[in-house]
Amino acid sequence: MPKIAPPPGVSDIFPDEATAWLQLESAARKVFGLYGFGELRTPIFEFTEVFQRGLGGETEVVQKEMYTFEDRGGRSLTLRPEGTAGVMRALSATDAANGVEHRVFYMGPMFRGERPAAGRKRQFHQVGVENVGRAASPGLDAEAIAMLCHFLEEIGITGFNLLINTRGVASDRPAAEQALAEHFRPHLAEMCDDCRARIDRNVWRILDCKQACCRPFIESAPDPAQFFSAESRDYFRKVCDLLTEQGIPFTVDPRLVRGLDYYVHTVFELTHSGLGAQNAIAGGGRYELQLPGLRNPIPGVGFAAGMERLLIVRDALGVTPPPAPVPKVYLASLGDAALAFNTSFAAKLRHAGISAAIDYDAKSMKSQMRAADRMKAEYVIVVGDSELEAQSAKLKHMADGREIEVKLSLDGVLAALAADAETK
RNA sequence: GUGGGUGUAGCUCAGUUGGUGGAGCGUCUGACUGUGGCUCAGAAUGUCGCGGGUUCGAGUCCCGUCUCCCACCCCA
């Protein structure tokens, strides 16, 4: 039990666990690279207004989940609660604002002051993609979704559900909002407190409510998309057609609204059972992000996946992460002269790209062999006075116990390792 | 923010009606002086989450607090 624990909802990732993270990260780089996306590393914190303006002041995230503090000059800063706003802030200084396409991805920690639960941390990690600058296009939307599915396939996640919906554009909304409000208002007395507040602040969020008392009214609610313009509905149909043509299964869910206000047109969410109540592993959509200091919002489409959740799902599916790296050669030392020799010999091996382990306490033979076994060293070389004398030692293969006589030099060991690898 | 569960050795967990804290695994040492895994023998290790209270005496009972887990909520 640690004397001092980390703050609630954050945790350490130890080396044996980190291998799984590295695997996810390199899979992301590989897959996104195939689509022409490059990595953009933005700061962990931004001026608070980047998120306030970007995500919408009415969103849950902005209202009560942000870690906000003042710097020494009294300016308000916020630890990023999601990745898109920071990416857009960075790209706002480029020609993305003039309609030039930027394809970027990011990965890293995000911060939200929520109550921790299964698959939910206060510092969590997202890997995300943004295609920014180009005007809205069903092709780009479908490509983002296809890329997300490709990524999941690459990391061994199967059996997920893809839900998609359209949120229309700003001019589509008033008619739909009015229809929704008219539908819900007569039943408000029977609905939950949150929804009573939401009807005036943001009717859409009612569709997202999971309260049992609200559900019947939500299910009988009209599909907002039916009030959208023909252009918007056509846009969404094209997205669906493109997915179908690529053989990507999906479900249209008219209730899917998502929590951030910046979405327009296509929104999607990827869920997986076996995660507990937090069943969303990734989500995204098309957006128009309004940033401070910019006259017009910048268009984009993207998604973010929760890395912790991906790992939980992967684990549940029985995908085993690669083992932590083990030393190729353990150098056992008998006596001070041997230890001195091994110290510099280990350095030579490491510079030659061979991982080497050594115990500077140079305890008993038995304890060194045990240490080599425990760290799963592939080979052991025992060096004592007689080996130094002869400039020759035995290279022992730990798995099967066979020993090979080798010259006690870098070339000698490298040659023996190469030869032994071939015989296997 | 609300509710439920939980907290004992590095890990997984026992701990009987309150009476000087245990097991397994792991670790360390050793079993014909320089060869691991198996076996055997020994050893080390805990402010029993933290703070109060009741009591002659609290890991055990009471109160508070925090963590973690689970759910609500929200989302990734």
Side-chain angles (χ1 to χ4, degrees), chain A residues 1-11 14 24 55 59-66 80-84 107-128 148 160 192-195 198 205 208-212 214 256-260 267-272 275-284 302-313 330 332-335 338 361-387 393-403:
Chain A
M1 187 142 309
K3 214 43 170 203
I4 176 154
V10 310
S11 53
F14 279 78
L24 285 198
L55 310 194
T59 58
E60 300 277 337
V61 172
V62 170
Q63 285 204 332
K64 48 189 196 192
E65 295 177 358
M66 297 204 304
R80 62 183 187 190
E82 56 92 62
T84 304
M107 54 184 82
M110 307 293 166
F111 306 85
R112 258 125 95 157
E114 304 178 275
R115 188 71 165 264
R120 191 171 68 196
K121 296 242 161 221
R122 289 184 176 172
Q123 174 175 334
F124 62 104
H125 298 76
Q126 287 187 336
V127 49
L148 174 55
F160 51 81
C192 73
D193 291 346
D194 284 338
C195 286
R198 290 199 265 240
R205 302 219 57 80
D208 225 11
C209 185
K210 277 110 188 163
Q211 297 290 329
C214 302
L256 180 67
V257 295
R258 302 194 44 77
L260 276 14
V267 292
F268 53 94
E269 197 163 287
L270 230 103
T271 63
H272 202 288
L275 252 183
Q278 268 59 248
N279 64 353
I281 55 179
F303 63 80
M307 297 182 72
E308 281 84 356
R309 293 185 186 178
L310 293 176
L311 290 170
I312 291 170
V313 168
Y330 182 97
S333 317
L334 297 168
D361 289 335
K363 289 185 286 202
S364 69
M365 183 81 211
K366 180 187 280 292
S367 73
Q368 292 188 69
M369 288 303 291
R370 263 212 278 257
D373 188 53
R374 192 172 48 246
M375 64 179 71
K376 297 181 166 63
E378 206 175 331
Y379 296 93
V380 168
I381 298 176
V382 178
V383 178
D385 291 338
S386 58
E387 284 80 3
K394 287 196 176 67
L395 176 73
K396 177 167 183 170
H397 188 250
M398 292 295 274
D400 57 24
R402 71 173 185 281
E403 294 187 316

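Computed from heavy atoms alone, side chains included, the values below leave out hydrogens, waters and symmetry copies. A quick note: this is a predicted structure, and the numbers were derived from the prediction, not measured. Letters A, B, ... mirror the listed sequences (proteins, then strands); counts begin at 1.
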Between Gln126(A) and Gly384(A), whichever has its closest RNA chain B nucleotide further toward 5' is Gly384(A)
Is any N or O donor-acceptor pair between the side chain of Glu387(A) and the base of G34(B) shorter than 3.5 Å? yes
Base, sugar-phosphate, or nothing: which does Gly9(A) touch, judged by heavy atoms less than 4.0 Å apart? sugar-phosphate
OP1 or OP2 of C74(B) sitting under 4.0 Å from any side-chain N/O of Arg198(A)? yes
Give one of base, sugar-phosphate or nothing for Ala372(A), where a contact means two heavy atoms less than 4.0 Å apart. nothing
Same-atom distance (C1') from G24(B) to U60(B), integer angstrom: 23 Å
Per-nucleotide pairing state of RNA chain B [Watson-Crick or G-U, under 3.5 Å; [ ] pseudoknot-crossing; | other strand]: (((((.(..((((.....[..)))).(((((.......))))).....(((((..]....)))))).)))))....
By ring pair (Phe, Tyr, Trp, His ring centres under 6.0 Å), His272(A) pairs with (sequence neighbours left out) none
Could you pull out the protein-nucleic contacts involving nucleotides 26-30 of chain B (nitrogen or oxygen on both sides, under 3.5 Å)?
| unit_1 | atom_1 | unit_2 | atom_2 | d |
| --- | --- | --- | --- | --- |
| C28(B) | OP1 | Arg374(A) | NH1 | 3.1 |
| C28(B) | OP1 | Arg374(A) | NH2 | 3.1 |
| C28(B) | OP2 | Arg374(A) | NH1 | 3.3 |

Span that lies between the C1' atom of A23(B) and that of G15(B), in whole angstrom: 10 Å
Given that Asp208(A) and Ala117(A) both sit by RNA chain B, which one's nearest nucleotide is further toward the 5' end? Ala117(A)
Starting at atom CD of Glu308(A), determine the distance to atom C1' of A76(B), rounded to an integer number of angstrom. 8 Å
For the pair Asp208(A) and Arg205(A), find out whether any cationic side-chain nitrogen is under 4.0 Å from an anionic carboxylate oxygen. yes
Could you walk me through whether Val313(A) and Phe160(A) pass the side-chain contact (heavy atoms from CB on, under 4.5 Å) check? CA-CA 10 Å; Val313(A) 168; Phe160(A) 51 81; over 6 Å; no
If you look at every strand shown and take non-hydrogen atoms under 4.0 Å, does Gly401(A) touch a base, only sugar-phosphate, or nothing? base
Under 4.0 Å, heavy atoms only, any strand: does Glu403(A) hit a base, just the sugar-phosphate, or nothing? base
Can any side-chain N or O of Glu82(A) pair as donor or acceptor with the backbone N or O of Met110(A) at less than 3.5 Å? no
Go through Arg120(A) and Arg309(A) one step at a time and tell me if the side-chain contact (heavy atoms from CB on, under 4.5 Å) criterion holds. CA-CA 8 Å; Arg120(A) 191 171 68 196; Arg309(A) 293 185 186 178; 4.2 Å; yes
I would like to know whether Glu387(A) and Lys394(A) meet side-chain contact (heavy atoms from CB on, under 4.5 Å); could you show each step before the answer? CA-CA 9 Å; Glu387(A) 284 80 3; Lys394(A) 287 196 176 67; over 6 Å; no
Quick one: does Pro81(A)'s side chain get under 4.5 Å of Glu65(A)'s, heavy atoms only? no
Starting from P on G36(B), measure out to CZ on Arg402(A) and report it in whole angstrom. 18 Å
For U16(B) and U33(B), measure between their P atoms and round to the nearest Å. 48 Å
So what does Ala399(A) hit on the nucleic acid, given a heavy-atom distance under 4.0 Å: a base, only sugar-phosphate, or nothing? base
Taking any heavy-atom pair under 4.0 Å as a contact, classify Lys396(A): base, sugar-phosphate, or nothing. base
Does any part of the side chain of Pro109(A), heavy atoms only, come nearer than 4.5 Å to the side chain of Arg80(A), both counted from C-beta? yes
Pick base, sugar-phosphate or nothing for Leu334(A), based on heavy-atom distances below 4.0 Å to the nucleic acid. base
Using whole Å, report how far CZ of Arg205(A) lies from C1' of C73(B). 11 Å
Select base, sugar-phosphate, or nothing to describe what Arg112(A) touches, counting heavy atoms under 4.0 Å on all strands. base
Just N and O in the side chain of Arg120(A): are any of them under 4.0 Å from OP1 or OP2 of C69(B)? no
I'd like to know if Arg309(A) reaches the base of C75(B) with its side chain, counting only an N/O donor and acceptor under 3.5 Å. yes
Under 3.5 Å: donor-acceptor pair, side chain of Gln368(A), backbone of Met365(A): no
